[in-house]
Amino acid sequence: MADTVLCTVDDGIATLTLNRPDKLNAINYDMADTLLALLDRLETDDVVRAVILTGASDAAFSAGGDIHEFSQSVALGANAAVRDFVRRGQAMTARLEAFPKPVIAAVNGLAFGGGCEIAEAVHLAVASEKAIFAKPEINLGMPPTFGGTQRLSRLAGRKRALELLLTADRFSASRALDMGLVNAVVPDEDLMACARTLAARIMRHSPLAAASIITAVTRGLNMGVAEGLLTESEQFAKLVPTHDLREGLDAWIARRRPHYTGA
Ligand code: COA
């Protein structure tokens, strides 16, 4: 059986490719587990400074949770369905959201259900002009379960999110851009280059500073402002003894380019 997620590393950027093209990259349990295991590996690989997540198909980024598989868990009852399907999917999107290196989705085609929830959870996203998004779970008589009831309303606002969640209407890449779900929409042939350029623009900076910004923003969004400000202050305090912060300040004062070591 082919790997459900492919991983290549090139110039400090790991590219993870959801790889069930015959099934429109539907996320089965194996794919979620493989993605989580790869993220564990990439987190501690110092060569890797950013991650790009895309889909192996002309047509699809991902058509969401594997309905054939999770309907079997549903048939076993609420405990099995929550344990095997919901918790696994929520763990996957939460891990992407909190990953300490920037994760960029390159949305190459349809992003439905869990595919859209991945785009919601990652730090940055670029979309091909041909990408199509949808929150189709209501068609199946259920709400989204990989964080899709929580993150889109924070990104796009409650009413825009509820319209999409309650209608299941498909929406274009340009609407996703208007809503803040993606950062840029580009011609299909430029998608991966655009994602790599975005990664490279971040990789000029200290990886420690990038990690602390991701952590402070992510935790802050998931808590009240007072706790968020505390997190911001804690993240800054952790950087105070590092070479990279001293170097960033010294380089600015000396009007030279900083040389970050990630230490
Ligand atoms: N789970 C499992 N299999 C899926 C899937 C999903 N979410 N989405 C697509 N597939 C499979 C199909 O079963 C089909 O496999 P088969 O050829 O072995 O039968 C293959 O991928 C191609 O899908 P198909 O439905 O034939 O393509 P289409 O172009 O006619 O339709 C969609 C595309 C996306 C509209 C349709 O596949 C769909 O509605 N998928 C489910 C989307 C969804 O509800 N996601 C949220 C799940 S919680």
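Bear in mind the structure is a predicted one, so any value in this text is a computation, not a measurement.
- For the pair Thr54 (side chain) and Ala106 (backbone), a donor-acceptor distance under 3.5 Å is present.
- A salt bridge does not link Glu234 to Arg219: none of the charged side-chain nitrogens sits closer than 4.0 Å to a carboxylate oxygen.
- Each of Glu120, Glu117, Arg151 was evaluated against Thr93; a single residue qualifies, Arg151, per the side chain to side chain donor-acceptor pair (under 3.5 Å) test.
- No single ILVMFWY cluster, assembled from side-chain heavy atoms under 4.5 Å apart, contains both Met92 and Ile52.
- Contact of the Pro143 side chain with the Glu137 side chain is not registered, since no non-hydrogen atoms from C-beta on lie closer than 4.5 Å.
- Closest of all the heavy-atom pairs between Leu39 and Phe99 is O-CE1, 3.3 Å.
- The backbone N or O of Leu229 sits nowhere less than 3.5 Å from a side-chain atom of Ser233 that would complete a donor-acceptor pair.
- Linking ILVMFWY residues whenever their side-chain heavy atoms come closer than 4.5 Å, directly or via other members, leaves Leu124 and Val103 in distinct clusters.
- Between Lys130 and Asp58 there is no salt bridge, since no side-chain nitrogen of the basic residue lies less than 4.0 Å from a carboxylate oxygen of the acidic one.
- Counting only distance, with no hydrogens or angles, the side chain of Lys23 and the backbone of Asn28 share no donor-acceptor pair below 3.5 Å.
- The cluster map of Ile, Leu, Val, Met, Phe, Trp and Tyr, joined by side-chain heavy atoms under 4.5 Å apart, puts Leu152 and Leu177 in the same cluster.
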* Just do the side-chain hydrogen bond (donor to acceptor under 3.5 Å, both in side chains) check on Ser128 and Asp188 with the steps written out, would you? => CA-CA 5 Å; Ser128 157; Asp188 193 46; 2.9 Å; yes

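- Going from atom CG of Leu230 over to atom CD of Glu227 covers 8.0 Å, rounded to the nearest 0.5 Å.
- Checked against Phe133 for a ring pair (Phe, Tyr, Trp, His ring centres under 6.0 Å), the options Phe171, Phe112, Phe61 give a single hit: Phe171.
- Minimum interatomic distance between Ala127 and Leu191 (heavy atoms only, all atoms of both residues): C-CD1, 3.6 Å.
- For the side chain to side chain donor-acceptor pair (under 3.5 Å) with Arg246, the lone residue among Asp244, Thr242, Asp250 that qualifies is Asp250.
- A distance of 12.0 Å separates CG of Asp11 from CZ of Arg49, quoted to the nearest 0.5 Å.
- Here the shortest heavy-atom pairing between Ser73 and Ala80 reads O-CB, 3.9 Å.
- Salt bridge annotation for Glu163-Lys135: absent, with no cationic side-chain nitrogen under 4.0 angstrom from a carboxylate oxygen.
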* To do: Before giving the answer on side chain to side chain contact (heavy atoms under 4.5 Å, CB included), spell out for Ser62 and Met31 the whole-Å C-alpha distance, their side-chain angles and the decisive distance to 0.1 Å.
  => CA-CA 11 Å; Ser62 171; Met31 182 185 281; 5.6 Å; no

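- Side-chain atoms of Ile67 and Phe70, non-hydrogen and from C-beta on, do get closer than 4.5 Å to each other.
- In Arg257, the CZ atom is not crowded: 12 or fewer heavy atoms of neighbouring residues, nucleotides or ligands sit closer than 6.0 Å.
- For the atom pair Ile104 CD1 and Met192 CE, the distance stands at 9.5 Å (nearest 0.5 Å).
- Under a hydrophobic clustering in which Ile, Leu, Val, Met, Phe, Trp and Tyr are joined whenever their side-chain heavy atoms come within less than 4.5 Å, directly or via other members, Val185 and Val107 fall into the same cluster.
- The backbone N or O of Leu198 sits nowhere less than 3.5 Å from a side-chain atom of Arg201 that would complete a donor-acceptor pair.
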* side chain to side chain contact (heavy atoms under 4.5 Å, CB included) between Leu181 and Arg175, worked out -> CA-CA 9 Å; Leu181 177 56; Arg175 179 132 196 241; over 6 Å; no

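- Cluster membership for Leu165 and Ile118, using ILVMFWY side-chain heavy atoms within less than 4.5 angstrom, is not shared.
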* To do: In sequence, state the C-alpha distance, the side-chain angles, and the governing distance for Leu208 and His243, and then conclude on side chain to side chain contact (heavy atoms under 4.5 Å, CB included).
  => CA-CA 10 Å; Leu208 300 179; His243 162 272; over 6 Å; no

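- Here the closest heavy-atom approach between residue Ser212 and residue Leu239 is recorded as OG-CD1, 3.5 Å.
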* Carefully, step by step, assess Glu247 and Thr261 under the rule side chain to side chain contact (heavy atoms under 4.5 Å, CB included). => CA-CA 9 Å; Glu247 171 65 8; Thr261 62; over 6 Å; no

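- Of all non-hydrogen atoms in Ile202 and Pro102, the two that sit nearest each other are CG2-CG, 3.8 Å.
- Taking CG of Leu16 as the start and CG of Leu53 as the end, the distance is 6.0 Å to the nearest 0.5 Å.
- Cation-pi geometry between Arg88 and Tyr29 is met: under 6.0 angstrom from the ring centre, within 45 degrees of the axis.
- Rounded to the nearest 0.5 Å, atoms CZ (Arg154) and CG (Leu221) are 7.5 Å apart.
- Between Asp66 and Arg20 there is a salt bridge, since a side-chain N of the basic residue sits under 4.0 Å from a carboxylate O of the acidic one.
- Across all their heavy atoms, Ala60 and Asn108 have their closest contact at O-ND2, 3.0 Å.
- Interatomic distance, CZ of Arg95 versus CG of Leu35, reported as 9.5 Å (0.5 Å rounding).
- At least one side-chain heavy atom of Arg196 sits under 4.5 Å from a side-chain heavy atom of Thr15.
- When each of Asp45, Leu38, Thr44 is paired with Arg41, the side-chain contact (heavy atoms from CB on, under 4.5 Å) condition holds for Leu38 and for no other.
- The shortest distance between side-chain heavy atoms of Lys101 and Pro207 does not fall below 4.5 Å.
- Here the side chain of Asn19 pairs no donor or acceptor atom with the backbone of Val5 at under 3.5 angstrom.
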